[in-house]
Amino acid sequence: VSNLFSGLLKCGYCNAPMLMITVTERRPPSMFKSLVCNGAKTGATKCECVRWKYEDFQSMFLFHTSQLDISTLFGEQRPEIFQTLEQDKISLLHKINENKKKVQNLYLALEDEFVPGIATRINKLDVETNDVIAQLKQLEEDISRSKLSASFATERRRIMMKLWKALAKEQDPLALRELREALSEQIHNIVVEIVCYPSGPSLNRNEKDLRKMTVQFKSGQSAEITAG
């Protein structure tokens, strides 16, 4: 079994990396993968962090991550953001139309009689209108990117969930390895760091039922996932 979180895990007690190791137990005979603090394992720190069975950690992360909203995983995609952008677009369009009417009225005034300063006012309005048109173009690009980002985020979440579900069903070793590699890539695309607390928040060996992880996402959001 490969570590889906390679390079992302850190001990919450001493800040040393968390590594995956193979554990062999005699009674009853068993062999399994486990996460352990490298500082505790090598003695590089005074950490007494206990092991965290890898299968339990992976299931806990994937299950709780599947429950998080898209804005936490991929950044803000709230509907009100799109509404604000669309309202800004309407305001800019209104400003452009107003300026065009003003320029048209000034030209009509020139047909009747020469008024000093009209040419300057027309030129000023033209410059202002061009500036607003440039703002409108940038805003339309922002709207397009936001809609694309929202669609892309939804698709990425769907892919992650599909890969996770496929892991439980796949039996072929080669296909399973490919699935794990693909899912690991998806996780690394959205996660900066996972801080692990295998013994609970206070490193008390009697508080394993309070074990938790704090996930920092590239979206800038974070989530605390607890075992409860």
Side-chain angles (χ1 to χ4, degrees), residues 4-5 7-8 10 61-166 182-195 212-226:
L4 298 179
F5 314 95
L8 298 176
K10 184 173 76 172
F61 173 88
L62 292 174
F63 173 76
H64 285 280
T65 301
S66 71
Q67 309 302 308
L68 296 175
D69 57 73
I70 286 180
S71 65
T72 299
L73 296 175
F74 305 106
E76 294 289 352
Q77 307 294 340
R78 302 193 308 268
E80 54 264 36
I81 292 178
F82 300 131
Q83 293 173 5
T84 300
L85 291 174
E86 291 292 351
Q87 289 170 358
D88 290 344
K89 179 179 177 180
I90 292 172
S91 297
L92 291 176
L93 287 170
H94 180 69
K95 183 65 175 177
I96 291 170
N97 289 330
E98 273 192 339
N99 283 1
K100 287 182 177 180
K101 287 179 181 178
K102 288 178 181 179
V103 170
Q104 185 178 11
N105 289 334
L106 288 172
Y107 275 120
L108 289 174
L110 276 176
E111 290 179 0
D112 295 333
E113 61 178 315
F114 176 76
V115 179
I118 282 187
T120 301
R121 290 171 63 187
I122 291 175
N123 182 63
K124 184 178 179 180
L125 283 169
D126 284 339
V127 171
E128 183 180 313
T129 301
N130 288 333
D131 181 58
V132 176
I133 290 173
Q135 293 179 46
L136 178 62
K137 183 179 179 182
Q138 181 62 54
L139 183 62
E140 288 175 335
E141 291 176 357
D142 291 342
I143 292 172
S144 178
R145 277 196 298 268
S146 295
K147 290 181 177 179
L148 180 61
S149 177
S151 176
F152 184 54
T154 302
E155 179 63 13
R156 286 174 67 184
R157 182 186 181 123
R158 187 190 68 80
I159 290 172
M160 280 189 65
M161 296 305 101
K162 184 177 180 180
L163 289 170
W164 175 35
K165 291 177 181 178
L183 182 55
S184 179
E185 182 180 359
Q186 292 293 324
I187 292 171
H188 280 75
N189 282 340
I190 64 171
V191 174
V192 176
E193 181 180 75
I194 305 174
V195 182
K212 66 176 185 176
M213 65 181 82
T214 301
V215 186
Q216 182 65 47
F217 294 98
K218 292 183 179 180
S219 66
Q221 302 292 318
S222 63
E224 186 172 286
I225 298 174
T226 58

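Numbering starts at 1 and runs along the sequence shown. Side-chain atoms are counted along with the backbone in the values below, which use heavy atoms only and exclude waters and symmetry mates.
- Here the closest non-hydrogen pair linking F61 and V191 is CZ-CG2, 4.2 Å.
- Although no hydrogens or angles enter the test, the distance criterion places no donor-acceptor pair under 3.5 Å between the side chain of N123 and the main chain of A119.
- For W164 against F63, the heavy-atom pair with the smallest separation is CH2-CA, 3.5 Å.
- Distance CG/L136 to CD1/I96: 5.0 Å, rounded to 0.5 Å.
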Notebook entry, point to check: Can you list the steps and then say if L106 with L125 is a side-chain contact (heavy atoms from CB on, under 4.5 Å)?
Noted result: CA-CA 10 Å; L106 288 172; L125 283 169; 3.7 Å; yes
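- Here CE of M160 is found 6.5 Å from CD of Q186. Values are rounded to the nearest 0.5 Å.
- With contacts defined as side-chain heavy-atom distances shorter than 4.5 Å, the pair L62/L183 qualifies.
- With hydrogens and angles disregarded, a donor-acceptor distance shorter than 3.5 Å links the side chain of S184 to the backbone of L4.
- Judged as a side-chain hydrogen bond (donor to acceptor under 3.5 Å, both in side chains), and not counting sequence neighbours, N189 has no contacts.
- Of the possible donor and acceptor atoms, one in the side chain of Q216 sits under 3.5 Å from a partner among the backbone N and O of Q221.
- The heavy-atom pair separating A223 from F217 by the smallest distance is CB-CE1, 3.9 Å.
- In this structure the side chain of H64 never reaches within 4.5 angstrom of the side chain of V215, judged on heavy atoms.
- Summarising the geometry, atom CD1 belonging to I118 is positioned 10.5 Å from atom CG belonging to N105; distances are rounded to the nearest 0.5 Å.
- For CD of Q104, the number of neighbouring non-hydrogen atoms (other residues, nucleotides, ligands) closer than 6.0 Å is 12 at most.
- For T65, the side-chain hydrogen bond (donor to acceptor under 3.5 Å, both in side chains) test picks out no residue, with sequence neighbours left out.
- In this structure a side-chain-to-backbone donor-acceptor pair under 3.5 Å is present from K218 to H188.
- With sequence neighbours left out, the salt bridge (charged side-chain N to carboxylate O under 4.0 Å, His left out) criterion links E98 to no other residue.
- Of the inter-residue distances, the one linking I133 atom CD1 with L93 atom CG reads 10.0 Å to the nearest 0.5 angstrom.
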Next item on the list: Would you sort out whether E128 and K95 count as a side-chain contact (heavy atoms from CB on, under 4.5 Å), showing the intermediate values?
Entry: CA-CA 10 Å; E128 183 180 313; K95 183 65 175 177; 2.9 Å; yes
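- With values rounded to the nearest 0.5 angstrom, S66 atom OG is found 8.5 Å from K165 atom NZ.
- Distance alone, capped at 3.5 Å, is enough to place a donor-acceptor pair between the N130 side chain and the D126 backbone.
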